[in-house]
Amino acid sequence: MNIFTSMAEHDYEQLHFSQDGKTGLRAIIAIHDTTLGPALGGTRMWPYDGEREAVTDVLRLARGMTYKAAVAGLPLGGGKGVIIGDPAWDKSDGMLKSYGKFIDSLGGRYITAEDVGTSQRDMDIIRLETTHVTGYDPGQGGNGDPSPFTARGVYYGIKAAVKKFMGTESLKGLQVAVQGTGSVGLNLCRLLDREGALLRVTDINAGALQRTAGELGAVPVSPGEIYDLDCDIFAPCALGAVINDHTVSRLKCGIVAGAANNVLAEERHGEELHRRGIKYMPDYVINACGLINVAGEYLQYQGSDVEKKIAQIYDTALEVIAISEREGVPAYRAADMLAEARLGRTGPVPSPRGVQKVG
């Protein structure tokens, strides 16, 4: 893997590595773009199959955070951290403290939060070594777990898509297939169930799947079966790259809208969804509320300001749809156009008529 070539492809600013033999830490932090402000993005802990896979993931995730912050109207850049290891077996307080020192050494260019494989408690431990952390204990002034906020944004994105493409404000009776029933997926399922959506759910974690099915009466299905379900909405809420060469032709849904980052394995899979008439709500547009919540903590927003930005997800989703239709481009590209305009990389993208542009 040619790291500099990979970084140059999407103009990454920095890539940092740290290892600590004493605690077993092997970590990478990618800073994609700080045009709008310091890079904020969560830390993911995952048993990657080697350093190459970890570098690829952290680069993709960091770029997504840049675009997510830009589209959400936040004065922040994009970055991401990954720790190589199994969070169930390899994580320790010592490792997290070492990672906190790593973050602190970057002098505030990168601010972390929780992600897959990390938790609020982990942020509390990291905070012992650096102030550049968000999403820590509310009792200590933090905003805590961002998962419920992320779920709300995805819910608003689904509502916007259903309003635009199905002509209804109601989700009652709609068939929704949810992939991943962790913290975000479960909270999303609760919001959908409250409106009367009919849920089929899957998760590689049998306990999480049983919890969701038992609480909400959702129908559990196997992980491989979720792609073949005839449904109105497919909501991927686990790991990314689930729309790929092996799955895109199997989808029998009208809308793809979920919480997972980097749902498309490659941009061409967004083109294929567009060609097949499947409406895609770009992940970084509708899953931005977790970022908005922790950004509000870092930027010291008032609660009302955070709520206002969260509610704007609905209008932003409609704006992306309108740009897609006006320009004749797939939705993923419409979202990129909006983000790039706000980053100053292109000319302005005018707000389509009738759509409230996020300030």
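The analysis underlying the following values was restricted to heavy atoms, covering all of them including side chains, and did not include hydrogens, waters or symmetry mates.
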Is there a side-chain contact between [X] and [Y] (heavy atoms, below 4.5 Å)?
| X | Y | result |
| --- | --- | --- |
| Thr212 | Arg190 | no |
| Phe17 | Val55 | yes |
| Ile103 | Val133 | no |
| Val242 | Leu239 | no |
| Thr118 | Met123 | yes |
| Arg44 | Asp57 | yes |
| Asp104 | Glu129 | no |
| Ile158 | Ile255 | no |

Might you confirm whether atom [atom1] of [X] has over 12 heavy atoms from other residues, nucleotides or ligands at distances under 6.0 Å?
| X | atom1 | value |
| --- | --- | --- |
| Leu128 | CG | yes |
| Lys91 | NZ | yes |
| Arg52 | CZ | no |
| Glu51 | CD | no |
| Asn2 | CG | yes |

| Ring-face cation of Arg250 near Tyr227 (centre distance under 6.0 Å, axis angle within 45°) |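 Geometry flag: not set, cation outside 6.0 Å or 45°.
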| said: Check for me whether Arg152 meets the cation-pi criterion with Tyr156, that is, NZ or CZ under 6.0 Å from the six-membered ring centre and within 45 degrees of the ring axis. | reply: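 Judged by the rule (NZ or CZ under 6.0 Å from the ring centre, within 45° of its axis), Arg152 is not positioned above Tyr156.
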| said: Using side-chain contact (heavy atoms from CB on, under 4.5 Å), reason through Asp193 and Glu215 one step at a time and then give a plain yes or no. | reply: CA-CA 10 Å; Asp193 178 72; Glu215 177 184 333; over 6 Å; no
Interatomic distance, [X] atom [atom1] to [Y] atom [atom2] [nearest 0.5 angstrom]:
| X | Y | atom1 | atom2 | value |
| --- | --- | --- | --- | --- |
| Lys309 | Leu74 | NZ | CG | 5.5 Å |
| Thr316 | Leu338 | OG1 | CG | 7.5 Å |
| Tyr332 | His274 | OH | NE2 | 9.5 Å |
| Leu25 | Met45 | CG | CE | 8.5 Å |
| Leu198 | Lys172 | CG | NZ | 10.0 Å |
| Ile313 | Thr150 | CD1 | OG1 | 10.0 Å |

Among the clusters formed by ILVMFWY side chains lying less than 4.5 Å apart, do [X] and [Y] turn up in the same one?
| X | Y | value |
| --- | --- | --- |
| Val263 | Val285 | no |
| Leu61 | Val184 | no |
| Met166 | Met281 | yes |
| Val176 | Leu273 | no |
| Tyr280 | Ile233 | no |

| query | Between Val58 and Leu15, is a side-chain contact (heavy atoms from CB on, under 4.5 Å) present by the stated rule, with each step listed? | reply | CA-CA 9 Å; Val58 77; Leu15 190 62; 4.1 Å; yes
What are the two closest non-hydrogen atoms of [X] and [Y], and how far apart are they?
| X | Y | value |
| --- | --- | --- |
| Ala151 | Asn187 | CB-CB, 3.6 Å |
| Leu199 | Cys189 | CD1-O, 3.6 Å |
| Ile28 | Ala54 | CD1-CB, 3.9 Å |
| Ala317 | Gly157 | CB-CA, 4.4 Å |
| Ala259 | Cys237 | N-SG, 3.7 Å |
| Met95 | Asp90 | CE-O, 3.3 Å |

Is the backbone N or O of [Y] less than 3.5 Å from a side-chain atom of [X], with the two atoms forming a donor-acceptor pair by type?
| X | Y | answer |
| --- | --- | --- |
| Asp124 | Asp137 | yes |
| Arg211 | Thr181 | yes |
| Thr202 | Val221 | yes |
| Ser98 | Gly94 | no |
| Lys159 | Glu169 | yes |
| His269 | Asp245 | yes |
| Gln120 | Glu114 | no |
| Thr168 | Lys163 | no |

| Side-chain donor-acceptor pair present, Gln14, Tyr110, cut-off under 3.5 Å |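 No donor-acceptor contact under 3.5 Å links the two side chains.
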| task | Classify the side-chain pair Tyr67/Asp283 by whether it contains a donor and acceptor separated by less than 3.5 Å. | result |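 No, no side-chain donor-acceptor pair sits under 3.5 Å.
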| said: Between Asp230 and Gln175, does the side-chain contact (heavy atoms from CB on, under 4.5 Å) criterion hold? Intermediate values first, please. | reply: CA-CA 8 Å; Asp230 192 347; Gln175 298 274 354; over 6 Å; no
| How would you list, by chain and number, every residue that makes a ring pair (Phe, Tyr, Trp, His ring centres under 6.0 Å) with Tyr12, sequence neighbours excluded? |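 For Tyr12 the ring pair (Phe, Tyr, Trp, His ring centres under 6.0 Å) partners, ignoring immediate neighbours, are His32.
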Is it true that [X] and [Y] make a salt bridge, defined as a side-chain N closer than 4.0 Å to a carboxylate O?
| X | Y | result |
| --- | --- | --- |
| Arg63 | Asp11 | no |
| Glu271 | Arg268 | no |
| Glu267 | Arg333 | no |
| Asp20 | Lys101 | no |
| Glu13 | Arg109 | yes |

| Counterpart residues, side-chain hydrogen bond (donor to acceptor under 3.5 Å, both in side chains), relative to Ser18 (two or more places apart) |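 Checked Ser18 against side-chain hydrogen bond (donor to acceptor under 3.5 Å, both in side chains); zero matches.
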| request: Start with the C-alpha distance between Glu9 and Leu59, add both sets of side-chain angles, then the distance that settles side-chain contact (heavy atoms from CB on, under 4.5 Å), and finish with yes or no. | output: CA-CA 11 Å; Glu9 182 180 1; Leu59 289 174; over 6 Å; no
| field | From CA spacing to verdict: salt bridge (Lys or Arg N to Asp or Glu O under 4.0 Å), Arg200, Glu225 | value | CA-CA 10 Å; Arg200 283 177 284 181; Glu225 185 182 357; over 6 Å; no
| message | Please enumerate all residues that pass salt bridge (Lys or Arg N to Asp or Glu O under 4.0 Å) together with Lys279, with sequence neighbours excluded. | response |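 Listed in chain order: nothing, the list is empty.
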